[in-house]
Number of protein chains: 2
Amino acid sequence: MADNAWIAVDAMGGDDGLAVMLAGVARARRRFEGMRFFLVGDEAQIAEGLKTHPNLSAASEIVHAPEIVGSNEKPSQAIRRARTTSMGIAIDLVKQRRAAAAVSSGNTGALMAMAKLSLRTLPGIDRPALAAPLPTLGDNDVVMLDLGANTECDARNLVQFAVMGAAYARILLELDNPRVALLNIGSEDQKGTDEIRDAAAVLRGQNHLPLNFTGFIEGNQLARGEVDVIVCDGFAGNIALKTAEGTARFVGDLLKRAFRSSTRSKIGFLISRPATQLLRDHLDPNNHNGAVFLGLNGVVVKSHGSANELGVATAIGNAAKMVRADLTRRIAEDLLNFEDAA
Amino acid sequence: MADNAWIAVDAMGGDDGLAVMLAGVARARRRFEGMRFFLVGDEAQIAEGLKTHPNLSAASEIVHAPEIVGSNEKPSQAIRRARTTSMGIAIDLVKQRRAAAAVSSGNTGALMAMAKLSLRTLPGIDRPALAAPLPTLGDNDVVMLDLGANTECDARNLVQFAVMGAAYARILLELDNPRVALLNIGSEDQKGTDEIRDAAAVLRGQNHLPLNFTGFIEGNQLARGEVDVIVCDGFAGNIALKTAEGTARFVGDLLKRAFRSSTRSKIGFLISRPATQLLRDHLDPNNHNGAVFLGLNGVVVKSHGSANELGVATAIGNAAKMVRADLTRRIAEDLLNFEDAA
């Protein structure tokens, strides 16, 4: 796919509004020269906002949308307003093949429902999955999926997630043969649910795809950098992701409390601040922003609602990488190879 | 129940062997005067080990066991050796009502299987659950269950876990009316599996028990101290517990790496060390050791295999608290009240 592809950005989604979205797109634009952007939302507001981003103006086109999907709006309601909302119109630009990807910081459930209905799943995919990169102790992030799109999954879903996650990791992490593991409550063969054990049996038996299935991984191993893709159902993935986020914040809060506990420790904190700042950067969700709905006819990226300018730029950068590497076609090919061999 | 009840300790379980177990029991003994201990294991080794703990000698009795359950032994195998292993004999002392509780640092699966077979579940309990206290930002730990005893659970199991967890929290955390929540992937009523939604409906409808059902809680809220009991199936509980452990260690490792990254930060670290030591103590698993199998005719406590002297003492202290507060009878009464009202 050409380097000058278009990305459709839902400019109205996100907790912090249009200004943060535009600043994030402008930042991403500087890194991905040649990329062009549909900025979807209120035409007058976007035109006004673009005045401070002349660089972005030259590389973008405004697409007017009169409405916005509410952050608490039910997916079933949002779907009915797909033709008039910034989120719905951004996805429709992908459907029309005018854009190669859509990015939104809005309501996740609505984005998932609209994207699935409008773009449909790839041949061989029963359900799309939400995948995101998470920080590790190793050199690379780890890709985890599903993070909440599918509460319950059968073995076939899990195997499809593994194939899609590996294709995604090959592009995002630039790996030839990603290590793929299933999240479980023990490493022994008999552990876990029937679905997980059955999926493991299928993945162990395959050797036609560029992925290295390493077996089961437990919750305490997620961030060790020992695998590149972690596969689970959306319930377990959501619990693990949010528990990891909550625990990192919890430890950070305890650390702050500890540093504030005495004058001596305050001084120590000030001295070691450059070091703790490095840690903060490494854990900053804005550096790992941009979950992708895998398995659709088109790239749809979910940016965190609370993402700042850096976070939005990271999410758009992820979308640009997927577009340039032609993620959708590669997943479709992997699935075909996998099914042929099965 | 009398303050001078007996606790049966599997003196041979645990990664670090007999010496750590005996030191831990001796330490707990100093806090719970009047408690007495069956020390179950190799008679000669225990007698030798007791020489350095005269205080414990006076309050304990050795019960010889010729064998040990292996850390990788399958539960089905371990059950067959219940009469000759230190773990099996410790549980049998509870069955015979010679001891009010059993404590082991050995193989969790074997302990669960033996305890269930030997002690049987309380009337009204279909399955026992593994519960443990976890650290929070609040003043109290939070009790979480099930942590891995039951991979899949129905709504009825989850409701029973809520009743048992609340009884446990009332004793361990000394609360009159603990706040109980179900772990889920969102706070809205329609989120999660059928089992979780059905359990929530039952718990919302009850008002006969001293527990305050607060609805759903997500993974990022576990450590906030906003609830006292978190209920989930053993799969989700195990994933959440291990993810929290792994993330806390991950952040700690990143912090160490950050502090070592320059001379300046090393100096800052040395100055603020008393503060970071406080944090380390707060997160030290040895301060939160001692998971309890709830729902059996008797108290069975699982100490972490890698627990040190402090950890073993914490686990034994938990067992002593349960015994003194007559946990088993209180759970049985709560269940009866709950069933009568239903």
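Only heavy atoms go into these numbers, but all of them, side chains included; no hydrogens, no water, no symmetry mates. Here is the naming used below: chain letters follow the sequence lines, and residue numbers restart at 1 for every chain.
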Between [atom1] on residue [X] and [atom2] on residue [Y], distance to nearest 0.5 Å:
{"X": "Ile185(B)", "Y": "Ile239(A)", "atom1": "CD1", "atom2": "CD1", "answer": "7.0 Å"}
{"X": "Glu152(B)", "Y": "Glu195(A)", "atom1": "CD", "atom2": "CD", "answer": "6.0 Å"}
{"X": "Asp233(A)", "Y": "Phe235(B)", "atom1": "CG", "atom2": "CZ", "answer": "6.5 Å"}
{"X": "Lys74(B)", "Y": "Gln190(A)", "atom1": "NZ", "atom2": "CD", "answer": "5.5 Å"}
{"X": "Ile267(B)", "Y": "Ile267(A)", "atom1": "CD1", "atom2": "CD1", "answer": "13.5 Å"}

If you count heavy-atom pairs under 4.5 Å between each of [options] and chain A, which one has the most?
{"options": "Glu218(B), Arg273(B), Glu245(B)", "value": "Glu218(B)"}
{"options": "Arg257(B), Lys266(B), Gln277(B)", "value": "Arg257(B)"}
{"options": "Ser262(B), Gly252(B), Ala240(B)", "value": "Ala240(B)"}
{"options": "Leu270(B), Asn72(B), Val251(B)", "value": "Val251(B)"}

*asked:* Could you tell me if the side chain of Leu222(B) sits less than 4.5 Å from the side chain of Phe250(A), heavy atoms only?
replied: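 They are not in contact (no side-chain heavy atoms under 4.5 Å apart), so the answer is no.
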
*Side-chain touch Arg249(B)/Arg224(A), heavy atoms, less than 4.5 angstrom*: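 Answer yes - side chains close enough.
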
*Given that the side chain runs from C-beta out, which part of Arg260(A) has a heavy atom under 4.5 Å from chain B: side chain, backbone, both or neither?*
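The answer is neither part of Arg260(A).
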
*asked:* With a 4.5 angstrom heavy-atom cut-off, is it the side chain or the backbone of Asn184(A) that approaches chain B, or both, or neither?
replied: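 Both parts, heavy atoms under 4.5 Å.
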
*asked:* Out of Ser261(A), Gly237(A), Gly192(A), Ala244(A), return the one with the most heavy atom pairs under 4.5 angstrom to chain B.
replied: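 Of the candidates given, the most pairs with chain B belong to Ala244(A).
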
*Top contributor to chain B contacts, counting heavy-atom pairs under 4.5 Å, from Gly246(A), Ala236(A), Gly186(A)*: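 Counting heavy-atom pairs under 4.5 Å, the top option is Gly246(A).
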
*Starting from the C-alpha separation in whole Å, work towards a yes-or-no answer on side chain to side chain contact (heavy atoms under 4.5 Å, CB included) for Thr247(A) and Thr243(B).*
CA-CA 8 Å; Thr247(A) 306; Thr243(B) 299; 6.0 Å; no

*Side chain, backbone, both or neither: which part of Thr193(B) has an atom under 4.5 Å from a heavy atom of chain A?*
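Both parts, backbone and side chain.
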
*asked:* Between Leu147(B) and chain A, with a heavy-atom cut-off of 4.5 Å, which part of the residue counts as in contact: side chain, backbone, both or neither?
replied: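 Contact with chain A: none, neither part.
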
*Would one find more than 12 heavy atoms of other residues, nucleotides or ligands at under 6.0 Å from atom CZ of Arg127(A)?*
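Count over threshold, so yes.
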
